[in-house]
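Here the structure comes first, spelled out in structure tokens, and everything after it is commentary.
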Protein chains: 2
Amino acid sequence: MKRITIYDVAKEADVSLATVSRVINDSNVVREDTRNRVQEAIEKLGYKPNAIAQGLALSKTTTISIVMSEKLLAYNTKILNGLMDVAKIYNYNIMFHTTSKGISKMQDVIESIIKSRVDGVILFNDNFTEDEMEVLHEYQIPMVVVGARFEGKKDENVGNVYVDFERLAYDLVRDLIEQGVDDITLMEDRLNLSMMKQLKKGIEKAFEDAGKNFEGYISYGDGYKSSYAFFKDYFKDHKPAKFNMAFRDSQAIAVMNAAAEAGFHSPEDLQIVSVLDSKYLNMVRPRISSYNIPEYDMGAISMRLLTKMLVSDRDQDENRNIEISYTPIPRDTTKEELFY
Amino acid sequence: MKRITIYDVAKEADVSLATVSRVINDSNVVREDTRNRVQEAIEKLGYKPNAIAQGLALSKTTTISIVMSEKLLAYNTKILNGLMDVAKIYNYNIMFHTTSKGISKMQDVIESIIKSRVDGVILFNDNFTEDEMEVLHEYQIPMVVVGARFEGKKDENVGNVYVDFERLAYDLVRDLIEQGVDDITLMEDRLNLSMMKQLKKGIEKAFEDAGKNFEGYISYGDGYKSSYAFFKDYFKDHKPAKFNMAFRDSQAIAVMNAAAEAGFHSPEDLQIVSVLDSKYLNMVRPRISSYNIPEYDMGAISMRLLTKMLVSDRDQDENRNIEISYTPIPRDTTKEELFY
DNA sequence: TTGTAAGCGTTATCAA
DNA sequence: TTGATAACGCTTACAA
């Protein structure tokens, strides 16, 4: 079956293809009755404009690339939904790219982004290097980095929507120290080293400001299983730290379970906070405290920012760096006076 | 900055654009030294072929659409990763579409799929209607439906990669009844009504075969919160069913928590199975039994099937319906003799 | 208000 | 082995 083109519609409606083009683009210079005639022809033939040809003619694809690491995908579905919804509102299509160790390196992803001539890119702040960014930069593809603070080179073509994890950690730990708690542990999250670095920096600064030295950074394998195994072993001859900071739910649950099975209970023996919230923190017993970070909104805001960047005159200097606020969610694993 | 085109490269290398096209497409009819000359020009100018123009010229976009409901996204990241990896291997780009109640209806998504002239579509078996499918059908876009069995119209353009949830439920319940357990509950999952229906059908069949009638279908609101609230209330004046089947982790955890807080403990007072596995089932106490369904593989297989369909001569009758097997994962919430 | 024709950046056919 | 040139399906001056 031959694909219907604009020519077929033109012939059917007995007009030129220019006129057809005008009606599908809602140009208002076309007379009512010819518009109707064209519409009928479109309906009758089931014509759908070829977006590829439009893209070529307009040098504009109305599609945006989103790139995220495979590992992180499971933790960022809310942000993704925010991105998707706003993209939909502005009628952008989404090209979705994932990066992973073996199979799809950042380099290849960027290559295919450039080739597909997308109008813009959303990047999850993750383990991409500045060199890799550089390429997108050269090709002047507008992009916004979402997640943590982006430290790389910036100009009017790059935006950043982020949570200030460094400050979050700093504020919390400063308060803890003020209250006399300095037995603090930060559990490494290898999925998210860039955010880890910022948390660590914040904690170290708080310790430094109190004239102390932070030595509670614990590093072990990936995922729940290895964290759990680590702590099962660890608690054989160690007591838990008074205050335990994890980045994600599974780590927090891992310490909690291992501790409980070693006879240490939260919050009396150890307090626990997961920085990222998840519904599962509310399902385990005791319920684990965390921070509320409006993830869906982060996605929505990021996409909105990008669409703004795509239409705005370059000199217009709106703010391309948007900080997202967070609020503590105290549950059972923290004491009231320390986490609120 | 003007975008570099094939003409620029041709001029730089002092050849015709046809020759440049040949070298970027690895045509082997081009002489070694001119190939090198062209390659150098490409490097020098940083030329990247315009995939849009290629798509137009070839009537082939080498991109595939994936469509999934927003609600389900969080539960299907593994399948998605499987899809992405295989797409990457075959060099397909991915257009990602989500559907949701208000903002992006299936209809619009299909519209944009047709317009963007993707080569094929992966659909998560969900709440799309046959009418909606019909459109893709008319436009002869190859597609594979992944998840549950697809009941709609099929021809050589549609494949299906699925788990036979009806049989899963049937087998389990038949065994249970044989062992004398017929006090069984199935908790509705509104996120996934098509799978629910199949589970229910399987259970009913098993009851029917035993000359009994299944009346244990429980329907309540969405998500953990409402399930938990429902059971908190329910257990005030009801005892839990002997055997409780949930579709996802949060529902299973909801019954378990509510029951525990009402003084009923698993597995003695109530056995619990979540059909879909998740790591969280292993993190709660007691650990909840489930089924192992190779989700990543389902994605990988689906994408592989689609790519096959895209290249194969239509008459070639390979199997386009692939059943995925599952195995029980007994944990703490089931008794050994009943779930293995 | 409508039509003609050039252009978007490729690939592919045909000649040279 | 290379080069002209006609598609591919659309948008958009410019002319009528």
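Below, read A as the first sequence line, B as the second, and so on, with proteins coming before strands; counting in each chain starts at 1.
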Looking at [X] and [Y], does any basic side-chain N land under 4.0 Å from a carboxylate oxygen?
X      : Y      : value
A:K60  : A:D119 : yes
A:K44  : A:E12  : yes
B:K101 : B:E70  : no
B:K48  : A:E111 : yes
B:D108 : B:K105 : yes

Nearest-Å distance for atom pair [atom1]/[atom2], residues [X] and [N]:
X     : N      : atom1 : atom2 : answer
B:I4  : C:dT10 : CD1   : P     : 10 Å
B:K60 : C:dA12 : NZ    : P     : 12 Å
B:L58 : C:dT10 : CG    : P     : 12 Å
B:K48 : C:dT10 : NZ    : C1'   : 17 Å

Could you give the start and end, 5' to 3', of the contact zone on DNA chain D for chain B, using atoms under 4.0 Å from its heavy atoms?
D:dT1 to D:dG9
Of the candidate nucleotides C:dT10, C:dT11, C:dG9, which contains the atom at the shortest distance from the side chain of B:N25?
C:dT11
Determine whether the side chains of B:Y75 and B:N192 contain a donor N or O and an acceptor N or O closer than 3.5 Å.
no
Residues B:K154 and B:N321: side-chain donor-acceptor under 3.5 angstrom:
yes
Quick check on DNA chain C: between A:Y7 and B:Q54, whose nearest nucleotide comes earlier from the 5' end?
A:Y7
Enumerate all atom pairs, one protein N or O and one N or O from nucleotides 2-4 of chain C, separated by less than 3.5 Å.
from: C:dT2; atom 1: OP1; to: A:T34; atom 2: OG1; distance (Å): 3.3
from: C:dT2; atom 1: OP2; to: A:R31; atom 2: N; distance (Å): 2.8
from: C:dT2; atom 1: OP2; to: A:T34; atom 2: OG1; distance (Å): 3.2
from: C:dG3; atom 1: OP2; to: A:S16; atom 2: N; distance (Å): 2.8
from: C:dG3; atom 1: OP2; to: A:S16; atom 2: OG; distance (Å): 3.2
from: C:dG3; atom 1: OP2; to: A:T19; atom 2: OG1; distance (Å): 2.7
from: C:dG3; atom 1: N7; to: A:R22; atom 2: NH1; distance (Å): 3.4
from: C:dG3; atom 1: N7; to: A:R22; atom 2: NH2; distance (Å): 3.4
from: C:dG3; atom 1: O6; to: A:R22; atom 2: NH2; distance (Å): 2.4

Check this for me: A:K11, atom NZ, are more than 12 non-hydrogen atoms of other residues, nucleotides or ligands nearer than 6.0 Å?
no
